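Not measured: the values here are computed from a predicted model.
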Amino acid sequence: MNALSGIQPTGRPHWGNYFGAIRQYIALQDHPQRRQAFYFIADLHALTTVRGTPQVLRNNVRDAALDLLALGLDPTKATLFRQSDVPQVTELTWVLMTITQMHLLEKCHAYKDKREKGIPADAGLFTYPVLMAADILAYDSDLVPVGVDQVQHVEVTRDIAQRFNGMYGETLRLPEAYVLGTAAKVVGTDGEKMSKSYGNTIEIFEEPKKLRKKINGIKTDSTPVEEPKNPDADSVFTLYKLFASPEEQEALAARYRAGGMGYGEAKSALYEAAMSHFGEARERREALAADPGTLEDILQAGAAKARAKAQEVVDRVRRAVGLSSG
Ligand code: ADP
Ligand code: TRP
């Protein structure tokens with residue numbers, strides 16, 4: 001079983017990203033049936049939105065790699081690399097493009113939504129799913145962990161692979177989406193779903209003072225300090241549960257119910273719990289960030305492994321379609 005996923009380098013990850021996605025990606029590196037796990041930073045895809053600011057793109061890519069490594073991605077178990085370091089994928093994209101039917105791409109959300117709103121779209125956005133198909137197919141991926149929003153792209157990948165195999169004979173391995181658990185919707189500082197687009201996020205590696213401030217800003221009701229409170233109706237407690245053991249949760253819940261505790265105290269408990277939960281990751285991140293050579297070595301070693309695998313697949317494809325075979 002080969003697992004593969006791409007992560008867009010779009011700014012600093014928040015608690016929702018961690019509990020809803022990153023943690024699960026990383027856990028796959030220990031999957032008992034895993035043979036290979038490939039994780040890449042999708043910088044070519046990011047080019048469809050981060051444009052005209054090369055330094056921003058470079059920094060975002062580096063940050064995304066640091067985040068994953070700090071949070072537990074182990075380069076001895078999983079292969080981490082930059083998408084653009086594997087030119088075989090862009091070659092495969094072209095070949096796939098020649099057999100991809102327009103209607104498949106016309107129905108893809110990212111493009112369709114823009115079209116419907118009358119926003120001009122680039123060819124890059126239109127063909128985004130073909131690049132993603134090449135990403136997946138270039139590594140003979142079986143399992144593609146993604147959020148629900150990306151399932152459509154994995155379906156398109158299967159359609160493209162099937163059409164290719166139908167025309168040229170069995171060449172490409174059909175992948176399956178592995179939808180990351182959506183049960184855990186992490187709430188933001190306003191009690192709504194935590195999301196960058198709502199401006200209610202708490203970042204994993206927020207600087208401690210700012211973290212404190214953000215936590216202090218979590219919306220609570222106006223029950224006076226002395227009165228009993230319902231932990232299950234409070235965002236501070238809901239977030240605290242992400243970090244605390246069942247015993248710790250029960251202890252804080254009992255204090256809510258007993259009355260005499262203000263929300264400020266619960267916020268302090270949340271701050272301490274979050275600092276302790278991400279403490280090691282924070283230290284690892286700082287150490288790695290101070291050692292850019294090691295980070296680059298990890299990415300380059302990952303890219304070499306990824307290129308070797310992708311070349312195998314590209315050779316198969318070249319032979320199948322009648323290009324000079326490598
Ligand atoms: P945002 O909404 O902040 O833009 P993204 O759409 O980039 O976040 O999300 C990336 C991944 O993080 C998705 O796969 C999604 O499953 C997960 N995720 C984001 N926000 C949450 C949340 N509040 N709760 C659970 N998972 C989340
Ligand atoms: N499009 C994905 C996203 O926005 C990122 C991505 C690019 C990806 N290539 C991939 C995910 C291949 C899985 C497999 O989240």
Side-chain angles (χ1 to χ4, degrees), residues 11-31 66-74 145 147 179-196 198-287:
R12 311 311 313 279
H14 54 70
W15 291 358
N17 297 144
Y18 178 73
F19 291 102
I22 302 172
R23 184 172 66 164
Q24 303 175 67
Y25 287 129
I26 293 175
L28 266 183
Q29 74 190 4
D30 294 315
H31 192 289
L66 285 174
D67 291 337
L68 288 172
L69 291 166
L71 290 167
L73 192 141
D74 177 349
V179 183
L180 301 176
T182 46
K185 278 258 149 62
V186 176
V187 297
T189 53
D190 56 359
E192 300 299 319
K193 179 189 174 214
M194 186 177 287
S195 169
K196 279 193 284 291
Y198 303 151
N200 63 357
T201 57
I202 303 178
E203 280 63 36
I204 302 171
F205 296 114
E206 188 66 276
E207 191 262 314
K209 264 198 197 132
K210 284 199 192 136
L211 177 66
R212 180 107 222 180
K213 226 174 138 188
K214 279 204 167 168
I215 290 177
N216 285 343
I218 297 172
K219 257 210 219 144
T220 51
D221 64 24
S222 49
T223 316
V225 174
E226 349 38 281
E227 278 182 34
K229 298 174 183 64
N230 177 6
D232 299 317
D234 177 44
S235 303
V236 181
F237 187 75
T238 308
L239 289 168
Y240 179 77
K241 286 201 289 191
L242 296 169
F243 301 106
S245 66
E247 296 74 34
E248 289 166 328
Q249 294 179 30
E250 203 27 66
L252 188 64
R255 295 191 60 206
Y256 268 75
R257 294 192 193 102
M261 182 191 75
Y263 286 117
E265 276 187 63
K267 287 175 175 173
S268 295
L270 173 59
Y271 172 81
E272 295 303 333
M275 283 301 283
S276 134
H277 191 270
F278 291 122
E280 259 178 50
R282 194 182 282 274
E283 281 171 23
R284 259 202 304 269
R285 197 181 192 289
E286 277 165 20

Please confirm whether Phe243 and Phe19 have ring centers closer than 6.0 angstrom. yes
Return yes if a side-chain donor-acceptor contact under 3.5 Å exists between Tyr263 and Asp234, otherwise no. no
Any side-chain heavy atom of Thr201 within less than 4.5 Å of one from Lys214? yes
For Glu280, is the CD atom crowded, meaning more than 12 foreign heavy atoms sit under 6.0 Å from it? no
Kindly indicate whether the side chain of Leu73, heavy atoms from C-beta on, has any atom under 4.5 Å from the side chain of Gln29. yes
Donor-acceptor contact below 3.5 Å, side chain Glu206 vs main chain Glu203: no
Any Tyr256 side-chain heavy atom under 4.5 Å of Asn230 side chain: no
Answer yes or no: is there a side-chain heavy-atom contact under 4.5 Å between Ile202 and Ile218? yes
Parallel, tilted or perpendicular: which fits the ring planes of Trp15 and Phe278, with parallel below 30° and perpendicular above 60°? tilted
Please report the interatomic distance CG(Asp221) to OG(Ser235), rounded to the nearest 0.5 Å. 9.5 Å
Side-chain heavy atoms of Arg282 within contact of Met275, under 4.5 Å: yes
Student check: side-chain heavy atoms of Tyr271 and Val236 closer than 4.5 Å: no
